[in-house]
*Asks:* 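Here you go, one structure.
Hydrogens, waters and symmetry mates are skipped; everything else that's a heavy atom, side chains included, is used. What you see is a predicted model, and the numbers here were worked out from it, not measured in a lab.
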Amino acid sequence: MNKKGFLVTFEGGEGCGKSTQTQLFCQFLKKENINYFMAREPGGTNFAEYIRMLVKDPTFEDKSVMSELLLFEAARSDVVEKIVKPTLKSGSVMVLDRFYDSTLAYQGYGRQMDKDMINYLNEVATGGIVPDLTFYLKISPELAFERKKGNELDRFELAGLEFHKRVEQGFDEIAKDNPERYVIIDASQDRNEVQKQIKQAFLERYNA
């Protein structure tokens, strides 16, 4: 059994079922009597949740891409210091619904900002913390948009198909560059099959 803290992150584009799978995974951890704490990004603390509201609100569409990036990093720094580090120090499993890979994919590839700068800011905001395991729930943007039909969309979901194709490319390249921690799962499958693959991959890494 793993005695150290273990950081699990869930990544993917809009409509991939990431938040649902994160919740199901936490239910599994509880059933297995594995101590864990779950947070979402941006979010997890009062300050970070307020930033989440700001960055996702279509009312603030005119904000600069740099201000958007810095808001994400500010929220990340807060949740890392207040939640992620203490959870890992306690030896528990820390589960994050998005982490710094999303910033590289969305702002670096989607917004086409400088990737080296984003990597530097991610390093500063996290203090160098790297996930032990990252689940990339991969789904085509076209199918994701079909899933989102009829739902109220936030400003990222309203960004358009080409933006989300760039985000997908970003996650693909990040996964390729980090094979030691990335597990790619076809998110178009039945959600129970997706969860089965998540549980299996986690137990293999956690108990190693």
Side-chain angles (χ1 to χ4, degrees), residues 1-12 16-52 69-108 118-138 170-171 174-185 187 194-208:
M1 182 63 67
N2 194 295
K3 300 298 183 183
K4 300 185 298 181
F6 196 86
L7 177 56
V8 181
T9 58
F10 284 77
E11 300 285 5
C16 68
K18 174 182 50 56
S19 296
T20 296
Q21 291 299 331
T22 303
Q23 294 290 343
L24 290 173
F25 178 65
C26 288
Q27 292 172 19
F28 160 72
L29 294 178
K30 184 176 182 179
K31 185 178 178 181
E32 294 293 312
N33 293 315
I34 296 174
N35 292 328
Y36 75 93
F37 196 94
M38 186 276 238
R40 64 181 182 176
E41 270 221 348
T45 66
N46 289 336
F47 176 68
E49 288 291 338
Y50 187 74
I51 290 178
R52 181 185 183 88
L69 170 63
L70 294 175
L71 283 170
F72 275 117
E73 299 295 0
R76 175 163 301 125
S77 178
D78 204 53
V79 76
V80 165
E81 290 299 322
K82 294 178 181 175
I83 294 178
V84 177
K85 286 183 178 179
T87 298
L88 295 176
K89 188 176 180 180
S90 75
S92 298
V93 174
M94 182 71 227
V95 182
L96 283 175
D97 181 346
R98 294 200 185 283
F99 199 34
Y100 60 76
D101 291 336
S102 278
T103 303
L104 184 57
Y106 276 78
Q107 278 68 49
I118 292 172
N119 284 328
Y120 171 74
L121 292 173
N122 282 340
E123 175 84 11
V124 171
T126 63
I129 291 175
V130 177
D132 296 285
L133 177 60
T134 298
F135 291 109
Y136 169 26
L137 304 185
K138 182 174 171 58
F171 278 123
I174 295 167
K176 183 179 179 181
D177 291 340
N178 296 274
E180 72 286 350
R181 68 176 172 92
Y182 253 75
V183 173
I184 304 173
I185 296 179
V194 171
Q195 186 62 203
K196 177 183 175 182
Q197 293 176 25
I198 288 171
K199 293 174 184 176
Q200 181 179 350
F202 168 75
L203 290 174
E204 288 174 358
R205 304 290 184 92
Y206 185 69
N207 294 322

*Asks:* Under a 4.5 Å cut-off applied to non-hydrogen side-chain atoms, are Q197 and F135 in contact?
*Replies:*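 No, their side chains stay 4.5 Å or more apart.
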*Asks:* Please name the pair of heavy atoms, one in A74 and one in F47, separated by the smallest distance, quoted to 0.1 Å.
*Replies:*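 A74 and F47 have their closest heavy atoms at O-CE2, 4.0 Å.
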*Asks:* Taking E11 for the side chain and L137 for the main chain, is one N or O donor matched with an acceptor at less than 3.5 Å?
*Replies:*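 Such a contact is absent between E11 side chain and L137 backbone.
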*Asks:* What's the verdict on side chain to side chain contact (heavy atoms under 4.5 Å, CB included) for R205 and V183, showing C-alpha distance, side-chain angles and the deciding distance?
*Replies:* CA-CA 11 Å; R205 304 290 184 92; V183 173; 3.6 Å; yes
*Asks:* Do I185 and Q21 have side-chain heavy atoms sitting under 4.5 Å apart?
*Replies:*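 No. Closest side-chain heavy atoms not under 4.5 Å.
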*Asks:* Would you compute the distance between atom CD of Q195 and atom CG of L24 and round it to the nearest 0.5 angstrom?
*Replies:*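 Taking CD in Q195 and CG in L24, the distance rounds to 5.0 Å.
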*Asks:* Does some side-chain heavy atom of Y100 sit less than 4.5 Å from a side-chain heavy atom of P131?
*Replies:*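 Of all side-chain heavy-atom pairs linking Y100 with P131, at least one is under 4.5 Å.
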*Asks:* Return the minimal non-hydrogen interatomic distance between F25 and V95, and the atom names on each side.
*Replies:*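 Nearest heavy atoms, F25 then V95: CE2-CG2, 3.8 Å.
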*Asks:* Minimum heavy-atom separation for L71 and I51, please, with both atom names.
*Replies:*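 Scanning both residues completely, I find the closest heavy atoms to be O-CG2, 3.5 Å.
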*Asks:* Taking side chain as C-beta onward, heavy atoms only, is L29 less than 4.5 Å from F37?
*Replies:*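 The answer is no, as the side chains (C-beta and beyond) never meet within the 4.5 Å cut-off.
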*Asks:* Say whether, by atom type as modelled, one donor and one acceptor occur between the side chain of R98 and the main chain of G12 under 3.5 angstrom.
*Replies:*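 Flag set: sc R98 to bb G12 pair under 3.5 Å.
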*Asks:* In this structure, is the centre-to-centre distance between the rings of F72 and Y106 below 6.0 Å?
*Replies:*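 Not under 6.0 Å, so no.
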*Asks:* Please give me the minimum heavy-atom distance between P42 and A75, naming the atom from each residue.
*Replies:*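 Closest approach of P42 to A75: CB-CB, 3.9 Å.
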*Asks:* Which distance, rounded to the nearest 0.5 Å, do you find between the CD of E49 and the CZ of R40?
*Replies:*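 One finds 4.0 Å between CD of E49 and CZ of R40.
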*Asks:* V124 versus E73: any side-chain heavy-atom pair under 4.5 Å?
*Replies:*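 Sidechains of E73 and V124: no contact.
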*Asks:* Keeping the roles fixed (side chain from T22, backbone from K18), state whether a donor-acceptor pair exists under 3.5 Å.
*Replies:*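 Side chain of T22 to backbone of K18: a pair is present.
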*Asks:* Can you see which heavy atom on V80 is nearest to which on T126, and at what distance?
*Replies:*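 Closest pair (atom of V80, atom of T126, distance): CG1-O, 3.8 Å.
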*Asks:* For I83 and M94: C-alpha separation, side-chain torsions, deciding distance, then whether side chain to side chain contact (heavy atoms under 4.5 Å, CB included) applies.
*Replies:* CA-CA 9 Å; I83 294 178; M94 182 71 227; 3.8 Å; yes
*Asks:* Distance check, rounded to the nearest 0.5 Å: K30 atom NZ versus M38 atom CE?
*Replies:*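 Going from NZ on K30 over to CE on M38, the span is 13.0 Å.
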*Asks:* Let me confirm one number: the CZ-CD1 distance from R76 to I129, rounded to the nearest 0.5 Å.
*Replies:*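 Between atom CZ of R76 and atom CD1 of I129 there are 11.5 Å.
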*Asks:* Return yes if a side-chain donor-acceptor contact under 3.5 Å exists between T87 and S92, otherwise no.
*Replies:*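 No donor-acceptor contact under 3.5 Å links the two side chains.
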*Asks:* Taking C-beta and beyond as the side chain, do Y206 and I34 meet within less than 4.5 Å on heavy atoms?
*Replies:*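 Yes, at least one pair of side-chain atoms sits under 4.5 Å.
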*Asks:* Just checking N46: does its CG atom have more than 12 heavy atoms from other residues, nucleotides or ligands closer to it than 6.0 angstrom?
*Replies:*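 12 or below, so no.
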*Asks:* Within this structure, what is the CG-OG distance for the pair N122 and S77, rounded to the nearest 0.5 Å?
*Replies:*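 With rounding to 0.5 Å, CG (N122) is 11.5 Å from OG (S77).
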*Asks:* Calculate, to the nearest 0.5 Å, the distance between atoms CD and CG belonging to E41 and D97 respectively.
*Replies:*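 That separation rounds to 9.5 Å.
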*Asks:* Looking only at heavy atoms, which two atoms of T45 and V79 are closest? And how far apart?
*Replies:*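 Closest approach of T45 to V79, heavy atoms only: CG2-CA, 4.0 Å.
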*Asks:* Do F28 and I198 have side-chain heavy atoms sitting under 4.5 Å apart?
*Replies:*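 Counting from C-beta outward, F28 and I198 never come under 4.5 Å.
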*Asks:* Between D101 and Y136, do the side chains contain an N or O donor and an N or O acceptor separated by less than 3.5 Å?
*Replies:*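 Side-chain D/A pair, D101 to Y136: absent.
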